[in-house]
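Heads up: the structure comes next, in structure tokens.
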Amino acid sequence: MNELTQGIAVVTGAGGGLGRALSVELSKSMQVAGIGRDQAALDETQAMAEPGRFHPLTADVSDFNSVTKAFESASNISPVTLLVNNAALYPRRDITEETAESFMEVVNTNLGGVVACTRAALSGMMDTGFGRILNVATFADVAPLPASSAYSVSKGAARIFTRALIADIGDRFPGIVVTDWMPGMLATRMGIAEGLDPRDAARWGAKLALWHDPSLTGTTWEMDREIPPPRSLKRRIADRVLMRPRAVARHL
């Protein structure tokens with residue numbers, strides 16, 4: 001049995017969209033604690049999940065105290081071995097329509113929520129030296145769309161947080177595997193009508209989340225495949241001169 005599945009997975013934003021789909025998919029393999037702000041929406045997710053496998057936890061990821069209580073509840077069920085940081089806000093507001101307060105509300109969820117939940121999960125993971133963290137990411141920081149300043153800045157900062165987290169714990173806790181995953185454009189409230197069914201994306205995300213391999217730490221995945229790290233011109237020339245094989249991207 002996968003050691004991850006002997007504990008409990010925490011999925012944020014579990015009340016709908018991709019978070020709901022990921023919770024349902026993961027419940028086929030393990031206990032899942034779904035965090036969300038809407039109890040009724042979480043109850044709907046529970047009805048779709050494997051019987052007895054989904055535990056709704058009402059909490060706001062932008063509130064550290066709320067997050068702490070939610071993780072305490074999850075840990076009372078089973079040790080937290082897997083965290084999927086999925087919760088996000090995407091208000092689609094032009095910068096001229098933003099206030100400092102509305103901008104930071106998005107940052108507090110999209111970045112602050114990732115930090116708060118990661119720190120809460122690490123409390124137990126560092127004790128055992130084992131765990132899995134999957135951060136749902138986007139390329140919004142590379143190519144921001146119009147009316148997405150708060151979303152793009154906060155999601156881009158969350159990708160930096162992944163790298164900073166690995167810089168801090170990667171060497172000391174190689175058994176805590178950390179990965180960024182970009183699910184693609186989805187047919188959800190935050191996505192586009194013609195996008196991918198979140199249930200299809202969730203099958204990839206759940207498979208990646210349940211894959212515990214230290215070589216995955218620091219990698220970035222888009223949909224069902226690994227994105228190779230950029231190679232400088234000097235590195236490409238050296239590889240060709242030395243006849244080194246090019247790394248092959250992995251697939252799910």
Side-chain angles (χ1 to χ4, degrees), residues 10-20 22 35-38 59-68 70 83-122 133-170 178-193 195-196 198 201 205 208-209 217-223 226-230:
V10 174
V11 179
T12 66
L18 180 61
R20 170 176 287 170
L22 284 166
I35 292 179
R37 293 185 292 185
D38 186 334
D60 182 348
V61 298
S62 69
D63 181 338
F64 184 75
N65 290 328
S66 181
V67 167
T68 299
L83 167 63
V84 180
N85 279 309
N86 166 75
L89 297 177
Y90 189 177
R92 291 183 172 85
R93 282 192 297 262
D94 185 89
I95 190 63
T96 61
E97 301 169 336
E98 291 279 15
T99 64
E101 290 80 7
S102 66
F103 192 99
M104 291 309 299
E105 179 185 5
V106 177
V107 173
N108 288 340
T109 293
N110 297 359
L111 173 61
V114 172
V115 175
C117 292
T118 298
R119 189 61 191 86
L122 285 176
I133 299 174
L134 185 70
N135 293 328
V136 178
T138 77
F139 277 126
D141 58 318
V142 177
L145 295 173
S148 70
S149 59
Y151 178 78
S152 299
V153 168
S154 56
K155 293 295 284 186
R159 289 218 292 158
I160 295 173
F161 175 72
T162 296
R163 299 197 296 273
L165 173 65
I166 293 167
D168 277 348
I169 71 169
V178 186
T179 309
D180 276 341
W181 173 57
M182 303 180 188
M185 295 298 291
L186 305 178
T188 63
R189 181 174 52 82
M190 285 177 51
I192 55 176
L196 180 70
L208 182 57
T217 289
T219 61
T220 299
W221 292 66
E222 184 175 20
M223 301 174 75
E226 181 182 10
I227 301 175

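Sequence positions, counted from 1, serve as the residue numbers for this chain. Computed from a predicted structure; not experimentally measured.
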**Study point:** For the student: nearest non-hydrogen atoms of W181 and M223, plus distance
**Key:** NE1-O, 2.9 Å
Practice item. For T219, enumerate each residue passing the side-chain hydrogen bond (donor to acceptor under 3.5 Å, both in side chains) test, keeping only those at least two apart in sequence or located in another chain. Key: W221
Exercise for review: Not counting sequence neighbours, list each pair that qualifies as a salt bridge (charged side-chain N to carboxylate O under 4.0 Å, His left out) and has a residue in residues 146-157.
Suggested key: none
Check your understanding: Quick one: are L165 and I169 in side-chain contact, heavy atoms under 4.5 Å?
Key -> yes
**Study point:** salt bridge (charged side-chain N to carboxylate O under 4.0 Å, His left out) partners of E105, counting only residues at least two apart
**Key:** none
Point to revise | side-chain hydrogen bond (donor to acceptor under 3.5 Å, both in side chains) partners of S62, counting only residues at least two apart | key: D60
Check your understanding: Just wondering, are more than 12 heavy atoms of other shown residues or ligands nearer than 6.0 Å to CZ in R37?
Key -> no
Review point. Has the side chain of S102 got a donor or acceptor atom that lies under 3.5 Å from a matching backbone atom of E98?
Key: no
Check your understanding: With a 4.5 Å limit on heavy-atom distance, are the side chains of Y90 and T109 in contact?
Key -> no
Practice item. Tell me, please, whether F161 has R163 positioned over its six-membered ring: NZ or CZ under 6.0 Å from the ring centre and within 45 degrees of its axis? Key: no
Check your understanding: Will you find, in the side chains of N135 and T179, an N or O donor that is under 3.5 Å from an N or O acceptor?
Key -> no
Check your understanding: What residues form a side-chain hydrogen bond (donor to acceptor under 3.5 Å, both in side chains) with R159, not counting sequence neighbours?
Key -> D141
Check your understanding: Hey, are the side chains of P91 and V106 touching, using non-hydrogen atoms and a 4.5 Å cut-off?
Key -> yes
Output side-chain donor-acceptor pairs under 3.5 Å for residues 142-149, partner residues at least two apart or in another chain, one line each.
from, atom 1, to, atom 2, distance (Å)
S148, OG, L145, N, 3.2
S148, OG, L145, O, 2.4
S148, OG, S152, OG, 3.0

